[in-house]
Trainee: 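Structure provided below as structure tokens; questions to follow.
Hydrogens, waters and symmetry mates play no part in the numbers below; they use all other heavy atoms, side chains included. Sequential numbering from 1 along the given sequence is applied to the chain's residues. Please read all numbers here as calculations on a predicted model, not as lab measurements.
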Amino acid sequence: MSGNVTSLFRSTAAHSPSMAALTREGGDEAGAGPVDFCIPCNPYFPTPAMFDEMAVRLRDIITYYPSSADTITAELCSLLQLPPQCVAMGNGSTELITWIDHLLVRESLAVPVPTFGRWTDQPMETGKRVDMFPLQEAGGFALDLARYAEFIRARGTRVAVVCNPNNPDGGYLHKQALVQFMDAMADRDLVVVDESFLEFADAEAEPSVVQEAMLRPNVVVLRSLGKNFGLHGIRFGYLVANPALAGRVRAMLPKWNLNSFAEHVVFMLRDHGAEYAQSLHQVRRDRLEMAGQLSALPGLTVYPSQGNFLFVRLPVGAEGTVVRDRMLTEHRVLVRECGNKIGSSSRFLRLVVRPQVDVRRLVSGLEQVLYGSRRGAAVPEPATGTGYSSGTAAVDRLMTQTNGAGMRAIAAQAAGAGVPGIAAAPAAGTGMPLPAAVAPQVPPPAPVPQPAPYPGPVPVPQPAPVPQPMPAPAPAPAPMPMPAPAPAAAAAAAPYPPVGPTPPGVPAHGGLTAAQVRGTNGLESVPATGWPNAAGMGRAG
């Protein structure tokens, strides 16, 4: 491949160039692009037979209008056993993120970083304040929900976003912890749980919070179909929420916002549930094997992941852009260098899980680029890494320019006050309160640890109940009383005890009861089909 191909990366500020652009610029014969470790989609689905079927129908698919979005959504909901009133389908999850921002985000949004770029860029583009909670490299980029909740309250943020698993690191949050976080944020305008990669997780049998989201007045769950089904080019995804929230988004979407390819695939899925489940199983097996092979490379750190990708830190001395360009030009392997992700740096790559034949090619290429001598090694001497948190440093630079004094001043303030954890809110104009910095000498996480068991309740403050917009259809026990939210400064010192799962007949802080969602008020239940259900790993029926 020519050097013109690698120049495409320097002309895209927030994302990698498309495969079509790389293929055109590279002049590849028969339109064959490089081996793709960049675009995170399922390599085993659709099956070859499904592609053959689509090829036979290609003329009709691209010639005629699709059915309305309501028709396609109804078919998807019948597969996933979701009430259509609680679902809105979009032309990719990015379209839904755009409408969530326009309709449901009023003034401010909190998001851990690094993460998917649209969660930071989209609200910035519409003038919202984005409060970025830095994930610490020294802590393996794990999200502490309790400290995140303290951060949100200290900043007065109105909308909270959580990606599970997170992109690019693949970090996973257990379902019970997320439900408790959602309840603790019941006084916020909105909580968004982005589950775009959750189908690839195997840490729990049913990891999704879609059922809990439908019971709450301020929770939206976002799901991707392109990533799970290996069809990014079709552009389809969906969100799940209570009927009022889902209806607000659905009312703004064009009648034909879903294309004919999306319709054809959705209607094919009923006959291919077994193949889809097998594809997810194979990706999970490949993830373990790929992580083991990468961890054997000297100085390379592989972070635990529940997504269909692995986040790796390059050895000391290696520059990600150089590694990316040489992998592409010398080995025809495309990798995702993460220097343009807020909270990350060029020392990190995100590598998509692929079959073993491709992984061998990736590992061989990395060995030559990092340690070989044919054109000079990217790493002169293999090293074991450093405690320097380049992710935090990248956020610090951004905070200094946008939100005030940045991490250094706030960490100094916390150290001077002798307060562990989160610093007290500074005076106006002096910077944003952030968690105290993790000591840089903390060693990096051990390569490829298995997901830890759920550690226990998240000690987050519980807000006052939100008034119920619609009463339960039948007499039910009164909702569990909730104390008023504590002031931000006292939140860490005296957190309220977590509340257990909402009983089936009780509205969850102003949401719908389980009975309302599953069978009354027009929310019709759907018979089992055998397709993997919306909750994750379980099978319907």
Trainee: Is Arg118 paired with Glu125 through a side-chain N to carboxylate O contact shorter than 4.0 Å?
Mentor: yes
Trainee: Would you say the side-chain atoms of Gln306 pair up with the backbone N or O of Ala203, donor to acceptor, closer than 3.5 Å?
Mentor: yes
Trainee: Checking side-chain polar atoms at under 3.5 Å, does Asp286 have a donor or acceptor matched by the opposite partner on Gln282?
Mentor: yes
Trainee: Please state whether the rings of Trp256 and Tyr65 are parallel, tilted or perpendicular, taking 30° and 60° as the class boundaries.
Mentor: tilted
Trainee: Any chance you could measure Asp169, atom CG, to Ser305, atom OG, to the nearest 0.5 Å?
Mentor: 7.5 Å
Trainee: Decide, yes or no, whether a salt bridge links Glu107 with Arg158 under the criterion of side-chain N to carboxylate O below 4.0 Å.
Mentor: no
Trainee: Could you tell me if Gln122 and Asp101 have a donor-acceptor pair between their side chains, going purely by distance under 3.5 Å?
Mentor: yes
Trainee: Using the side-chain contact (heavy atoms from CB on, under 4.5 Å) rule, pick out the option among Val161, Asn167, Leu222 that qualifies with Phe116.
Mentor: Asn167
Trainee: Salt bridge check, Asp131 against Arg129: does any charged N sit closer than 4.0 Å to a carboxylate O?
Mentor: yes
Trainee: May I ask you to decide if the ring planes of Phe229 and Tyr276 are parallel, tilted or perpendicular, using 30° and 60° as cut-offs?
Mentor: perpendicular
Trainee: Could you check Val35 against Leu334 for side-chain contact (heavy atoms from CB on, under 4.5 Å), going step by step and ending with a plain yes or no?
Mentor: CA-CA 6 Å; Val35 179; Leu334 176 64; over 6 Å; no
Trainee: Do the side chains of Phe51 and Leu231 get nearer than 4.5 Å, heavy atoms only?
Mentor: yes
Trainee: Are the charged groups of Asp187 and Arg153 less than 4.0 angstrom apart, N to O?
Mentor: yes
Trainee: Once you measure the plane-to-plane angle for Phe133 and Tyr148, does it fall in the parallel (<30°), tilted (30-60°) or perpendicular (>60°) bin?
Mentor: tilted
Trainee: Any side-chain heavy atom of Lys227 sitting closer than 4.5 Å to one from Asn42?
Mentor: no
Trainee: Tell me yes or no: between the side chains of Asp194 and Ser196, is some donor less than 3.5 Å from an acceptor?
Mentor: yes
Trainee: Are Phe197 and Phe309 close enough that their ring centres sit under 6.0 Å apart?
Mentor: yes
Trainee: Within a strict 4.5 Å, meaning less than it, do heavy atoms of the Glu53 and His264 side chains meet?
Mentor: yes
Trainee: Hey, are the side chains of Val312 and Leu351 touching, using non-hydrogen atoms and a 4.5 Å cut-off?
Mentor: yes
Trainee: Please answer whether the main-chain N or O of Leu269 pairs with a side-chain N or O of Glu75 as donor and acceptor at a distance below 3.5 Å.
Mentor: no
Trainee: Do Val193 and Glu212 have side chains that approach each other closer than 4.5 Å (heavy atoms only, starting at C-beta)?
Mentor: no
Trainee: Ion pair present between Glu337 and Arg350, side-chain N to carboxylate O less than 4.0 angstrom?
Mentor: no
Trainee: Look at Arg287 together with Asp202 and state whether they make a salt bridge at an N to O cut-off of under 4.0 Å.
Mentor: yes
Trainee: Does Ala244 offer a backbone N or O that forms a donor-acceptor pair with the side chain of Arg248 under 3.5 Å?
Mentor: no
Trainee: Short question: side chain of Ser345, backbone of Gly339 - any donor-acceptor pair under 3.5 Å?
Mentor: no
Trainee: Do side-chain atoms of Ser208 reach the backbone of Val210 as a donor and acceptor pair under 3.5 angstrom?
Mentor: yes
Trainee: If the threshold is 4.0 Å, N to carboxylate O, is there a salt bridge linking Arg313 and Glu137?
Mentor: yes
Trainee: Do the non-hydrogen side-chain atoms of Arg223 and Met89 ever get within less than 4.5 Å of each other?
Mentor: no
Trainee: Have Thr47 and Glu275 got a donor and an acceptor in their side chains that come within less than 3.5 Å?
Mentor: no
Trainee: Any heavy-atom pair between the side chains of Val87 and Arg250 that's under 4.5 Å?
Mentor: no
Trainee: Hey, does the side chain of His102 reach the backbone of Thr126 with a donor-acceptor pair shorter than 3.5 angstrom?
Mentor: no
